[in-house]
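Working notes, beginning with the structure itself.
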Amino acid sequence: MPLSVQSESIGLKNGSGPFSVHERTLHPDIRGGNVQAQTRCSKSIAYSGSLDMYPHQDLTPVIGREYMDLQVTDLLMGLDRDRQIRDLAVNISQRGVVFLRDQDISPTQMREFCESLSVLAGCPESSGLHIHPLTEEGSELGDQISVISSEKQKRGGGLTHQLSDTSRYASVGWHTDISFEKVPSDYAMLKIHSLPPTGGDTLWASGYAVYDRLSPAMQVFLEGLTATHDAKFFLEESSRLGNPLRKGQRGSPLNYGDSLTATHPVIRTNPVTGWKSVYVNKGFTKRINGVSKDESDLLLNYLFNLVVQNHDLQVRWKWSKNALAIWDNRSQLHCATYDYIEARAGDRVAALGEAPYLDVNSKSRREALNQATTRL
C-alpha cells in the first residue's frame, strides 16, 4: 500500500524503530490495547490547512461540520491527495462527523477512500476494511460494503429489531459501529441514495463531550474500568434469516470466529486528536467489569442518559439524495430515526483502527482546546 503515516506505534518500549510482534510491550501508561493492533500515531496529528479552500460550517459548537463544494472523488484523484485526505481525517476526528452533499462516488471509490482515511490517520498495518458478520459472501457490492436498508429492517434484521422488544424509546438505538469486535472501527462513511420525502434523519453524539460532563472523581474512577461489548444477537439473526455468519477474518487478524464479544476500556484515547472519550454504547455494551451487576447497570444507565438527555452534544442530520456522512467511531455515537414508511437505503463502509486503549496522560477535549486558546 503506497499510503503511509510518518510516525511510530504508540505505547512501545525498548527504544524506537521497527519491532517484531514478540518484542512489543505496552507502556505502563497505556491501558487496554493490543500489541498486534496499535496505532502508528506517536502523537496527535495537526491539521495542515490543505482544505481551507473549501467553504464549510460547523453545525453545532461541539459536533458536526458540513463542507460545501467538496467532492470526495476530487480528493482521491488530486495532486495533494494524501495531505488533503489526512487533513479531512483530522477534521472528522476533531468535529466527530463531517457531512458532504451531492456526492458522485461509487461503492468502489467509497472503499478506497475509507481505507485511505484510516491508513493516513495511522491505523495499524494489520487493520483493513471491516467485513460485517452478516454480509453475504459474493455480494454484488463486495464484502466490505454494508447495505443499510429499511427493507432489511422490515424483514427483522439489524440492531433496531434486536432492541424492539426491550424499549419503546427511539434512543435505544444509540450505538458505535462494531464495538463488539476486538479491533473495532475508526472511520465509517454512509451514503444515502434512496430516501423518503421526510424522516429518516440520523443523529450523532460526542463521546468527548460526554467525558467532559463527568466529575473529575468519576473520570478517574471510570478510567480504571473496562466494559464488555457483544453482538451475540447476530447469531440468532443469522439463523432466523438463513444468512451464514462470517466466521473468518473480518478485516483484522483479531476479528474472527463467532464469539462477537470484546472487552474495551470505558474511557479511550483517540490517537488522532489525543482526546479522551467515553466508549460505551446502548447497542453493544452489556456490562462494566470489576463492579457488581447492580453497579454496572447504574453506571451504564447514567452514561447512556448523558448521551440521550444532552441535546447540546448532539447533531441531527437531514439526509438528501447522495449525501455522505463520515464519522469517527472511536469518539462518537449515532442513532437512526425510524419515522418513515417509504424505502430508505444506502451504502456503508467501515475501516478498522487500533485496539481501543487509554493513554492516562491524554487530555479531554475541553482541556486541550482551553490550552490551545491560552497559547493563542
Side-chain angles (χ1 to χ4, degrees), residues 1-27 30-45 82 85-86 89 92-93 110-133 135 142-146 176-189 226 229 231 245-265 268-272 279 284 328-331 348-359:
M1 215 177 311
L3 306 171
S4 64
V5 171
Q6 299 301 316
S7 57
E8 300 168 2
S9 294
I10 194 168
L12 302 184
K13 297 196 297 184
N14 304 325
S16 60
F19 299 100
S20 71
V21 170
H22 300 290
E23 293 175 315
R24 296 175 179 175
T25 54
L26 292 170
H27 191 277
I30 300 297
R31 298 174 182 173
N34 187 294
V35 293
Q36 298 179 61
Q38 296 182 90
T39 178
R40 288 176 293 120
C41 292
S42 58
K43 59 182 179 180
S44 59
I45 304 176
D82 286 8
I85 293 176
R86 184 183 292 114
I92 295 165
S93 294
M110 286 179 64
R111 291 197 298 266
E112 180 184 355
F113 189 78
C114 197
E115 184 175 38
S116 297
L117 271 176
S118 183
V119 171
L120 289 166
C123 76
E125 293 182 2
S126 57
S127 289
L129 297 180
H130 186 243
I131 298 173
H132 195 277
T135 297
D143 285 350
Q144 296 90 1
I145 296 286
S146 295
T176 296
D177 289 329
I178 61 173
S179 66
F180 58 86
E181 296 280 29
K182 303 292 191 297
V183 181
S185 173
D186 51 5
Y187 298 104
M189 55 197 302
T226 64
H229 301 239
L245 194 79
R246 302 293 291 267
K247 298 182 183 180
Q249 192 175 125
R250 296 186 292 269
S252 166
L254 299 178
N255 296 348
Y256 64 90
D258 60 2
S259 71
L260 305 182
T261 303
T263 299
H264 302 308
R268 78 179 286 186
T269 300
N270 188 317
V272 175
Y279 192 65
F284 298 119
D328 190 327
N329 272 303
R330 293 169 292 199
S331 310
R348 191 202 70 178
V349 182
L352 299 180
E354 69 284 349
Y357 70 94
L358 170 67
D359 180 349

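One-based numbering along the sequence shown.
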Trace of the side-chain contact (heavy atoms from CB on, under 4.5 Å) decision for S146 with H130 | CA-CA 9 Å; S146 295; H130 186 243; over 6 Å; no
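No side-chain N or O of S185 forms a donor-acceptor pair with one of D177 less than 3.5 Å apart.
Between Y357 and G32 the shortest heavy-atom distance is CB-C, 4.1 Å. When all heavy atoms are compared, the tightest approach of A351 to C114 is N-SG, 3.7 Å. Closest approach of H132 to R246, counting heavy atoms only: O-CG, 3.7 Å. Counting all heavy atoms, side chain and backbone alike, A37 lies closest to L254 at CB-CD1, 4.0 Å. Across P265 and L358, no two heavy atoms sit closer than the pair CG-N, 4.2 Å. Scanning all heavy atoms of the two residues, the minimum distance from P124 to G353 falls at CD-O, 3.3 Å.
Atom CD in E115 sits 10.0 Å away from atom CG in L120 (nearest 0.5 Å). Note that OH of Y187 is 11.0 Å distant from CG of N329, once rounded to the nearest 0.5 Å. Interatomic distance, NZ of K247 versus CG of L260, reported as 10.0 Å (0.5 Å rounding). Taking CD1 from I45 and OG1 from T39, the interatomic distance works out to 7.5 Å, rounded to the nearest 0.5 Å. A distance of 7.0 Å separates CD1 in I30 from OG1 in T269, rounded to the nearest 0.5 Å. Taken to the nearest 0.5 Å, the CD1 atom of I85 stands 7.5 Å off from the CD atom of E112.
For R268 (side chain) and S331 (main-chain N/O), no donor-acceptor pair under 3.5 Å exists by modelled atom type. The backbone N or O of T261 lies less than 3.5 Å from a partner atom in the side chain of K182, making a donor-acceptor pair. A donor-acceptor pair under 3.5 Å is formed between the side chain of S126 and the backbone N or O of Q36.
Counting only heavy atoms from C-beta outward, the side chains of R330 and S93 approach each other to under 4.5 Å. The side-chain heavy atoms of L129 and V349, taken from C-beta on, include a pair separated by under 4.5 Å. Two residues are said to be in side-chain contact when any heavy atoms from C-beta on lie closer than 4.5 Å; P133 and R250 meet this criterion. The shortest side-chain heavy-atom distance between L352 and E181 does not fall under the 4.5 Å cut-off. For the pair T176/P184, no side-chain contact is recorded, criterion being any heavy-atom separation below 4.5 Å from C-beta on.
A search for ring pair (Phe, Tyr, Trp, His ring centres under 6.0 Å) contacts involving H229 returns H264, Y279, not counting sequence neighbours.
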